[in-house]
Asker: 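Below are the structure tokens for one structure; questions will follow.
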Amino acid sequence: MKYKYPINGKFGIYGGQFVPEVLMPAVHELEAAYKKVKEDTSFKRELEWYLAYYAGRPTPTYLAKNLTKFAGGAKIYLKREDLLHGGAHKINNTLGQALLAKYMKKGRVIAETGAGQHGVATAMACAALGLQAEVYMGSEDIKRQEINVYRMTLLGAKVHKVDSGSKTLKDAINEALRDWVTNLVNTHYLIGSVVGPHPYPMIVRDFQSVIGKEIKRDMMKIEGRAPDAIVACVGGGSNSMGSFYPFIEDQAVKLVGVEAGGHGNHSGSAALLRGREGVLHGMLSHVLEDSDGQIDDTYSIAAGLDYSAVGPEHSYLMKSGRVRYTIVNDSEAIVAFRKLSLLEGIIPALESSHAIAEAIRMARDMNEKQSIVVTLSGRGDKDVQTIINRGD
Amino acid sequence: MISDTFRGLSRRHEGALICYIMGGDPDLNETKSIIDSLVEAGIDILEIGIPFSEPIADGKTIQAAGIRAISSGSNWKSVLIMISEIKKKHKIPIVVMTYYNILYNPGVERFIDFAKQCGVDGLIIPDLPLEESSNVAKSSKAKSMDLIMMAAPSTNQARLNALVKSSTGFIYLVSHYGVTGAKGVLSNDTINLIRRTKQSINGVIPLAVGFGISTPEQVATALNSGADGAVVGSALIELISRYDNRIERAERIIEYVSKLKSATLTSIRP
Ligand SMILES: Cc1ncc(COP(=O)(O)O)c(C=O)c1O
């Protein structure tokens, strides 16, 4: 079965371009520019160079022997995106898009950020490529993530405080879109996940697909075959989409996306499993909303998963049944966070800890000949304070 | 109904004054009394917003109005019901402006059916560009509801032609690159944009200009540049928010809006 979405900007019914008329020429221009660089060998070579020598690719696909033994079933491999420059997979996308902005001759780059990870990765890529970065961040998040705000400033980015709405990620995206509407002639909007209007979900997926391609190559080398399952956490959905995409046509590989359940009891940010179809930030996808169509505020201990919607390709992959989605709560994620730290000497990001928790559950019901790859989307240094504050 | 209004105005050599307020800001009862004042001041078309929590095309003033409206309990149904009450009292054409998720949530067809029952004459959906509009266009057409499409400074001739073909009622021209919000003067770019757009439309459909218009002088300039109507929103909402006292508020609205309306009368337009 061939998989070649998006078709006309859509993944089945999902996706699309629900943006004001003023932005339509901009999204068309972006799509045309992306098509061009995709075939451009000098672009590809330059991006590969930055990914290798600046970001630190390829990352290892590491057999976590102690964790495997603890789980007592399938072999658990970790795809070590936490080892990348900046400490997360975000740099794969920001380097790609910043370079694209440069090829489009847009000297100014704007971005939104929640926890600050994407903001920092944008600031890094822009510094390296000589672009001016401006990052929108909710004032609530600025309070919670002081260090990342300072990191962005050190890297030369300007941080704009967003006081509208719930003062978090969704409001930062709104404000970035408003900036783009105003300054689109010289500005590229560098969106941080597989969300937003077409062509963003496709572009970000493609730039993150380097994760899945390396998993495929490494597992062929190590195991002589593809893994039995790939597990990744889903916020907007970029590290998971990048991990899954090269395997979508290989039905033998189980693909599992893990959403954040927060405190349990229907809190959390599980847009796919607990949301409805809706339109937010330029896309038709699953959103968490009230009965009037107002978007809900969300909560997860993992700031990077704390978003009211999800990328449209995930909505499609859930509907088609190709990917299974599940929920992990805060408390289960914290257990996994501590386990991986103790057993492997790797402190995972709280986002990635959601995926680890699910992988441990799954491994128990599989045998030692089988293998699971978990995408370790980031390192957990940024989360240590959160864990200290909880006091458990 | 909307095209009749434009036709009547054009016969009298007047431009249309279109006023935008948020349904339920500060609450729906107050909105009704505000509308009485607007009608008394002589507006030609009323544009009412249904609040959405993520208004990406709006600046600070309308964002704040939306938050006030949501916290007063206003939602799509209650705003539409209020409109049905207004329609019993006033003959004014009413256009609803809201974001697509507000229609998508109950279902496009159900929303448009109910809006029609309540007497709504047209819809403006800023995050629904031409390419995504076929569903809404079909349901609107079936109910003879106008679907007013927006054009922008970045819209080229080919897109404009397509917009003109599919828009009903009028074309809403966004005056500049940016979001809603009052501005001091209309820039030369805006004036040229209005002229160019008017010429391209070639009389097929009326043209109204909005975003940033707040003074009688701007209304006159927009109309003198070729627009058939001007939309005033943020400045009015700002004024409304300054008064708690109904009587005082009514006086101020009537004073301000009458001046805006005067600027649409060709005979005395500067
Ligand atoms: C380490 C890490 N993992 C995962 C995510 C979630 O994003 P996505 O679902 O787009 O991969 C984030 C977002 O900030 C993150 O920082």
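Computed over heavy atoms, backbone and side chain alike; hydrogens, waters and symmetry mates excluded. Chain naming here is simple, since letters A, B, ... match the order of the sequence lines and numbering starts at 1 in each.
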Asker: So which part of B/Ile125 gets closer than 4.5 Å to some heavy atom of chain A, the side chain, the backbone, both or neither?
Answerer: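 When you check distances to chain A, no heavy atom of B/Ile125 falls under 4.5 Å.
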Asker: If you take all heavy atoms of B/Phe52 and A/Val279, which pair is closest and at what distance?
Answerer: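 That closest heavy-atom pairing would be CZ-O, 4.3 Å.
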Asker: Are there donor-acceptor pairs under 3.5 Å across chain A and chain B? List atom names and distances.
Answerer:
from	atom 1	to	atom 2	distance (Å)
A/Lys10	NZ	B/Glu132	OE1	2.8
A/Gln17	N	B/Glu132	OE2	2.6
A/Glu21	OE1	B/Arg159	NH2	2.8
A/Glu21	OE2	B/Thr155	OG1	2.9
A/Glu21	OE2	B/Arg159	NE	2.9
A/Val22	O	B/Ser154	OG	2.8
A/Lys170	NZ	B/Glu54	OE1	3.3
A/Lys170	NZ	B/Glu54	OE2	2.9
A/Asn174	ND2	B/Glu54	OE1	2.9
A/Arg178	NE	B/Pro55	O	3.4
A/Arg178	NE	B/Asp58	O	2.9
A/Arg178	NH2	B/Pro55	O	2.8
A/Arg276	NH2	B/Asn105	O	3.2
A/Glu277	OE1	B/Tyr104	OH	3.2
A/Val279	N	B/Asn101	OD1	2.8
A/Glu289	OE1	B/Asn101	ND2	2.8
A/Glu289	OE2	B/Asn105	ND2	2.8
A/Asp292	OD1	B/Asn75	ND2	3.2
A/Asp292	OD2	B/Asn75	ND2	3.4
A/Gly293	O	B/Asn101	ND2	2.9
A/Gln294	OE1	B/Ser53	N	2.8
A/Gln294	NE2	B/Pro51	O	3.0
A/Ile295	N	B/Ser53	OG	2.9

Asker: By a 4.5 Å heavy-atom criterion (distance strictly below it), what part of A/Pro25 contacts chain B: side chain, backbone, both, or neither?
Answerer: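 Side chain only.
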Asker: State which residues pass side-chain contact (heavy atoms from CB on, under 4.5 Å) with A/Ala303; sequence neighbours excluded, sorted by chain then number.
Answerer: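 side-chain contact (heavy atoms from CB on, under 4.5 Å) check on A/Ala303 returns A/Ala115, A/Gln145.
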Asker: Can you tell if the side chain of B/Ile56 reaches within under 4.5 Å of the side chain of A/Leu177, non-hydrogen atoms only?
Answerer: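 The answer is yes, as the side chains (C-beta and beyond) meet within the 4.5 Å cut-off.
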Asker: Please flag which part of A/Ile173 lies under 4.5 Å from any non-hydrogen atom of chain B: side chain, backbone, both or neither.
Answerer: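 Contact with chain B is absent: no heavy atom of A/Ile173 under 4.5 Å.
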Asker: Measure distances from B/Pro55 to the heavy atoms of chain A and classify the residue's part below 4.5 Å as side chain, backbone, both or neither.
Answerer: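 Both backbone and side chain of B/Pro55 come within 4.5 Å of chain A.
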Asker: Report which part of B/Ile70 has an atom under 4.5 Å of a heavy atom belonging to chain A: side chain, backbone, both, or neither.
Answerer: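 Side chain only.
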Asker: Does any heavy atom of chain A fall under 4.5 Å from the side chain of B/Ala151, the backbone, both, or neither of them?
Answerer: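 The backbone, not the side chain.
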Asker: Quick one: side-chain contact (heavy atoms from CB on, under 4.5 Å) partners of A/Ala98, sequence neighbours excluded?
Answerer: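 For A/Ala98 the side-chain contact (heavy atoms from CB on, under 4.5 Å) partners, ignoring immediate neighbours, are A/Ala125, A/Leu129, A/Leu131, A/Leu190.
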Asker: Return the set of residues passing salt bridge (charged side-chain N to carboxylate O under 4.0 Å, His left out) with A/Asp306 (not counting sequence neighbours), or none when no residue passes.
Answerer: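 Scan of A/Asp306 (salt bridge (charged side-chain N to carboxylate O under 4.0 Å, His left out), adjacent residues dropped) gives none.
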